[in-house]
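Notes follow once the structure below has been shown.
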Protein chains: 2
Amino acid sequence: MANESSAAYRRSPCPVACALDILGDKWTLLVVRDLMLGRSRFKEFMDSLEGIPTNILTDRLVRLERHGAVEKRPVPSGVRRHTYHLTEKGEALRSVIRSLVDWGLDYEEGTEAGLEPSV
Amino acid sequence: MANESSAAYRRSPCPVACALDILGDKWTLLVVRDLMLGRSRFKEFMDSLEGIPTNILTDRLVRLERHGAVEKRPVPSGVRRHTYHLTEKGEALRSVIRSLVDWGLDYEEGTEAGLEPSV
DNA sequence: AAATTTGCTTGTTTTTAGCAAGTAAATTAT
DNA sequence: ATAATTTACTTGCTAAAAACAAGCAAATTT
């Protein structure tokens, strides 16, 4: 999967446009949501209800890391596994997620929060 | 351009997932931003710095209308022109846009608010 | 009345998403 | 200890969406 030129491409200096250059798709913010719920392993993201495809998940984790919103930590034992965590920049997205939760709950029927450690 | 089956397709009952089914792409929230800045005509959206393609703009306006976030008003004179406006549901996205503005300003260098009637 | 602008539609190309299968290391079960 | 399973991915293919370009008719401006 090609990246969008790896250098920081930017459509305009608008902070919204810029945020959407990073976050603007169907999956990225769901991965962020999962990270906020304390999930940290590849499999845990996979197991979310929405069923993200593996290659998309890989791509999004790489992109979030590249943009400094996610940190990839190796699991001590020196093995291949790692865990993913939000950086301060990633944590700062909490209010975005919260607004989306509120909007969804208020205007889309049949949605329910049910996200254990409240986002 | 095909629509995603017109019936309310939903990946999961999560309000975030549901919100992203509607808003999760590079352009939709920029159109919402423009509407919040008081822009209401096709040309005005076109003139935004990001340069949205005409067919994408048409599609996003239709989708937002279909989801009840935008209202299309005919201009009195009975002519073909109309203006687009946020409904209450669309207005409720203001906090989402605001969070994105804040995040962009805080973490993406070179972004500037400069959006006249403050979003 | 001619030229330009507005608000689109249509077609084509390019990019991205999504699905399915495969793989090697690590873990668990026997 | 060995086999089966699970985890964490990669690769290849197909389908969908975005992007680009052109065209066009109604409305507005010159």
Side-chain angles (χ1 to χ4, degrees), chain A residues 1-7 9-12 17 20-31 34-35 39-66 70-85, chain B residues 1-7 9-12 17 20-31 34-35 39-66 70-85:
Chain A
M1 190 162 299
N3 59 17
E4 82 289 27
S5 84
S6 111
Y9 163 75
R10 200 164 276 188
R11 286 178 285 175
S12 85
L20 293 176
D21 283 335
I22 301 169
L23 311 167
D25 69 87
K26 272 171 44 184
W27 293 108
T28 303
L29 286 172
L30 287 186
V31 174
D34 284 353
L35 286 159
R39 293 169 193 154
S40 65
R41 300 223 327 269
F42 199 88
K43 174 72 161 37
E44 296 182 280
F45 305 127
M46 291 296 303
D47 288 347
S48 286
L49 285 173
E50 294 83 12
I52 187 170
T54 52
N55 55 342
I56 302 288
L57 176 55
T58 300
D59 182 72
R60 293 306 124 88
L61 287 169
V62 169
R63 274 175 48 177
L64 284 168
E65 197 192 4
R66 196 154 34 79
V70 158
E71 186 195 353
K72 191 176 186 170
R73 287 188 208 146
V75 165
S77 41
V79 291
R80 189 178 53 143
R81 274 173 48 185
H82 7 247
T83 54
Y84 299 91
H85 303 269
Chain B
M1 190 162 300
N3 58 17
E4 83 286 30
S5 84
S6 108
Y9 163 76
R10 200 163 277 189
R11 286 178 286 175
S12 85
L20 292 176
D21 283 335
I22 301 169
L23 310 167
D25 68 88
K26 271 172 44 184
W27 293 109
T28 304
L29 285 171
L30 287 186
V31 174
D34 284 353
L35 286 159
R39 293 170 193 153
S40 64
R41 301 225 323 273
F42 198 88
K43 174 73 160 39
E44 296 182 280
F45 305 127
M46 291 297 303
D47 288 346
S48 286
L49 285 173
E50 294 84 14
I52 187 170
T54 52
N55 54 344
I56 303 288
L57 176 55
T58 301
D59 182 73
R60 293 306 126 88
L61 287 168
V62 168
R63 274 175 49 178
L64 284 168
E65 198 192 4
R66 195 153 37 78
V70 159
E71 186 195 353
K72 191 174 185 172
R73 289 187 207 146
V75 165
S77 43
V79 291
R80 188 179 52 143
R81 275 172 49 184
H82 8 248
T83 54
Y84 300 91
H85 304 270

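Because only heavy atoms are used, hydrogens play no part in the values below, and waters and symmetry mates are left out as well, while side chains stay in. Letters go in sequence order (proteins before strands), and every chain restarts at 1.
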Upstream residue (5' side of DNA chain C) when B:Thr58 and B:Asp47 are each assigned their closest nucleotide: B:Asp47
Value in whole Å for how far the C1' atom of D:dT7 lies from CG of A:Leu57: 12 Å
N/O (side chain, B:Lys43) to phosphate O (OP1/OP2, C:dG7) under 4.0 Å: no
A:Leu23 CG to A:Leu29 CG distance, which is reported to the nearest 0.5 Å: 5.0 Å
B:Tyr84 side chain near C:dG7 phosphate (N/O to OP1/OP2, under 4.0 Å): no
Contact summary for B:Ser48 and B:Arg39, nearest pair of heavy atoms: OG-NH1, 3.1 Å
End axis versus end axis in the helix from C:dA1-D:dT30 to C:dT30-D:dA1, the angle rounded to 10°, five pairs used at each terminus: 30°
Salt-bridge criterion met for A:Asp21 and A:Arg11 (N-O under 4.0 Å): yes
Any B:Arg41 side-chain N or O less than 4.0 Å from OP1/OP2 of C:dG7: yes
Rounded interatomic separation in angstrom, taking CD1 from A:Ile56 and P from C:dC19: 9 Å
B:Phe42, nearest nucleotide to its side chain (from C:dG7, D:dC9, D:dT11): C:dG7
A:Phe45 CZ to D:dT6 P, straight-line distance once rounded to whole Å: 20 Å
Atom-pair distance (CG on A:Leu61; C1' on D:dC9), nearest Å: 11 Å
Distance (rounded to the nearest 0.5 Å) between B:Lys43 NZ and B:Leu57 CG: 12.5 Å
Nucleotide nearest B:Pro53 (side chain, heavy atoms from C-beta), chosen from D:dA19, C:dC19, C:dA17: D:dA19
Rounded distance [0.5 Å steps], CZ in B:Arg60 versus CZ in B:Arg66: 10.5 Å
Between C1' of C:dT9 and CG of B:Asp59, the distance in whole Å: 13 Å
D:dA17 OP1/OP2 closer than 4.0 Å to side-chain N/O of B:Lys26: no
Interatomic distance where CD1 belongs to B:Ile52 and C1' belongs to C:dG7 [whole Å]: 14 Å
side-chain N/O A:Trp27 vs C:dG18 OP1/OP2, d < 4.0 Å: yes
Pairwise distance CG(B:Leu35) to CZ(B:Phe45) - rounded to 0.5 angstrom: 4.0 Å
Rounded interatomic separation in angstrom, taking CG from B:Asn55 and P from D:dC24: 18 Å
Spacing between B:Glu65 atom CD and C:dC8 atom P, to the nearest angstrom: 11 Å
Base of D:dT10 paired with side chain of A:Thr54 (donor-acceptor, under 3.5 Å): yes
Nearest atoms (heavy-atom pairs only) where B:Ile22 meets B:Arg63: O-NH2, 3.1 Å
